[in-house]
Amino acid sequence: MLKGKTAVVTGGSRGIGEAIAYKLASLGANIAVIYAGNATAAESVCEKCKQQHGVEARAYQCNVADFSAVKETVAKIKADFGTAQILVNNAGITRDGLLAMMKEEDFDAVLDTNLKGAFNMIRHMAGMFIRGREGCIINITSVAGMMGNAGQCNYSASKAGLIGLTKSAAKELAPKGIRCNAVAPGFIATDMTGNQADNPLLNMIPLGKMGETEDVADAVAYLTTAKYVTGEVLRVDGGIAI
Ligand code: NAI
């Protein structure tokens with residue numbers, strides 16, 4: 001389905017990003033994994049994509065919050081793959097804390113990675129998409145950006161901002177044949193969420209359990225081929241934000 005296409009997945013070395021890399025590779029896409037620090041994990045994701053799905057896969061260390069570093073990394077990806085058609089902005093962090101006591105650096109770090117990071121990637125990849133008259137951008141937001149969450153004002157603000165970015169990019173880039181959508185996961189079992197066995201919020205999920213990384217990857221795969229869907233926010237949350 002995605003044979004001959006190249007997908008860039010930020011934060012693709014673990015968790016949801018790792019599952020997205022495998023899913024898109026399973027559909028035939030070549031994969032560029034952008035990771036923050038763990039080269040061994042990123043290389044192992046690439047090896048698995050190559051061995052199990054016969055696609056090309058390479059890892060790039062890059063802090064998505066750094067405008068110039070993203071520019072250089074996108075240039076390397078272009079040199080290695082020729083071009084790319086799919087961008088998944090998945091890299092994200094949390095620095096939770098109560099609003100009245102939150103440190104300025106914790107607010108800034110979350111906004112810089114989760115929101116500005118996605119802007120940096122879109123900003124530097126848009127030229128490739130426009131020249132190819134083809135592009136599919138998928139931003140991984142969160143139900144926290146739709147509902148708000150006590151103790152996560154920085155994270156919720158970054159994820160709500162990502163929804164605004166998604167809708168504006170969708171309108172602006174549609175005439176160039178580029179779609180931009182968001183996926184909003186609820187509680188997904190990963191390193192970021194840790195052990196949630198005793199979390200009372202689990203009782204508020206209508207489907208009664210946490211989601212799996214593959215559930216989010218399936219939604220991303222759908223959006224890569226949903227050729228008449230743009231500016232949408234697709235919840236993958238077991239119904240928690242209904
Ligand atoms: P994770 O912590 O397991 O993985 C995050 C990935 O982002 C890691 O590979 C990390 O290296 C990368 N990353 C972080 N900062 C970076 C930077 N500055 N530059 C480049 N890469 C960077 O997290 P998880 O759970 O897999 O989450 C992935 C995305 O899904 C995040 O955007 C998160 O906010 C979102 N999400 C996760 C939910 C969950 O329940 N796990 C729920 C809703 C949204």
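Counting starts at 1 for both ligands and their atoms, following the listed order. If you're wondering where the values come from, they're calculated on a predicted model, not measured in any experiment.
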Heavy atom of the protein closest to [atom] (residue, atom name, distance):
atom: atom 4 (O) of ligand 1; result: Arg14 NE, 3.4 Å
atom: atom 13 (N) of ligand 1; result: Ala91 CB, 3.8 Å
atom: atom 12 (C) of ligand 1; result: Gly11 CA, 3.6 Å
atom: atom 37 (C) of ligand 1; result: Ile16 CD1, 3.6 Å
atom: atom 30 (O) of ligand 1; result: Ile140 CG2, 3.4 Å
atom: atom 23 (O) of ligand 1; result: Met192 CB, 3.5 Å
atom: atom 40 (O) of ligand 1; result: Ile188 N, 2.8 Å
atom: atom 9 (O) of ligand 1; result: Ser13 OG, 3.1 Å

Q: Indicate the atoms forming the closest heavy-atom contact of Val70 with Val64, along with that distance.
A: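 In terms of heavy atoms, the two residues are closest at CG2-O, 3.4 Å.
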Q: Please name the pair of heavy atoms, one in Met210 and one in Leu202, separated by the smallest distance, quoted to 0.1 Å.
A: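 Residues Met210 and Leu202, closest heavy atoms: CG-CD2, 3.4 Å.
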Would you check whether [X] reaches within less than 4.0 Å of ligand 1, judged by its heavy atoms?
X: Gly186; answer: yes
X: Ala184; answer: no
X: Glu18; answer: no
X: Gly117; answer: no
X: Thr141; answer: yes

Do any nitrogen or oxygen atoms of [X] lie less than 3.5 angstrom from nitrogen or oxygen atoms of ligand 1?
X: Thr193; value: no
X: Pro185; value: no
X: Val64; value: yes
X: Gly17; value: no
X: Asn114; value: no
X: Ser142; value: no

Q: Quick one: look at Lys159 and ligand 1, take heavy-atom pairs under 4.0 Å, and tell me if it's side chain, backbone, both or neither.
A: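 For Lys159, only side-chain atoms sit under 4.0 Å from ligand 1.
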Q. Using heavy atoms and a threshold below 4.0 Å, how should the contact between Cys62 and ligand 1 be classified: side chain, backbone, both, or neither?
A.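 Near ligand 1, Cys62 shows its backbone, while the atoms from C-beta on stay back.
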Q: Determine whether Val88 and Ile140 make a side-chain contact, defined as any pair of heavy atoms from C-beta on separated by less than 4.5 Å.
A: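 Of all side-chain heavy-atom pairs linking Ile140 with Val88, at least one is under 4.5 Å.
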Q. Can you check whether Phe81 reaches Asn30 side chain to side chain, under 4.5 Å on heavy atoms?
A.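 Counting from C-beta outward, Phe81 and Asn30 do come under 4.5 Å.
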Q. Taking the side chain from Thr113 and the backbone from Ala65, do they hold a donor-acceptor pair closer than 3.5 Å?
A.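 Side chain of Thr113 to backbone of Ala65, a donor-acceptor pair under 3.5 Å: no, none is there.
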Q) Quick check: does any side chain N or O of Gln61 sit under 3.5 Å from a backbone N or O of Ala36, one acting as donor and the other as acceptor? A)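 Yes; judged by distance alone, with no hydrogens or angles, the pair exists.
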Under 4.5 Å between side-chain heavy atoms, counting indirect links through other Ile/Leu/Val/Met/Phe/Trp/Tyr residues: same cluster for [X] and [Y] or not?
X: Leu87; Y: Leu2; answer: no
X: Leu165; Y: Phe129; answer: yes
X: Ile137; Y: Met1; answer: no
X: Val183; Y: Ile205; answer: no
X: Val220; Y: Ile188; answer: yes

Looking at [X], which atoms of ligand 1 are within less than 4.0 Å of one of its heavy atoms?
X: Asn63; value: 17 (C), 18 (N), 19 (N)
X: Phe187; value: 40 (O)
X: Tyr155; value: 33 (C), 34 (O), 35 (C), 36 (N), 43 (C), 44 (C)
X: Asn90; value: 28 (C), 29 (C), 30 (O), 31 (C), 32 (O)
X: Thr190; value: 24 (P), 25 (O), 26 (O), 41 (N)
X: Gly15; value: 26 (O)

Q) Per the side chain to side chain donor-acceptor pair (under 3.5 Å) rule, which among Asn114, Thr94, Thr141 passes with Ser158? A)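 Among Asn114, Thr94, Thr141, the one meeting side chain to side chain donor-acceptor pair (under 3.5 Å) with Ser158 is Asn114.
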Step through the shown structure and confirm whether more than 12 heavy atoms of other residues, nucleotides or ligands are within 6.0 Å of [atom1] on [X].
X: Gln196; atom1: CD; result: yes
X: Lys50; atom1: NZ; result: yes
X: Leu201; atom1: CG; result: yes

**Q.** Proximal candidate to atom 15 (N) of ligand 1 [heavy atom criterion; set Val45, Ile93, Asp237]
**A.**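 Selected option, by shortest heavy-atom distance: Ile93.
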Q) Heavy atoms only: which of Ala118, Gly211, Ala41, Ala36 is nearest to atom 16 (C) of ligand 1? A)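 Looking at heavy atoms only, Ala36 sits closest to atom 16 (C) of ligand 1.
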**Q.** Test item: side-chain donor near acceptor, Asn38 and Ser13, under 3.5 Å
**A.**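 No.
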Q.
Check for me whether Lys48 meets the cation-pi criterion with Tyr22, that is, NZ or CZ under 6.0 Å from the six-membered ring centre and within 45 degrees of the ring axis.
A.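 Yes, Lys48 lies over the aromatic ring of Tyr22.
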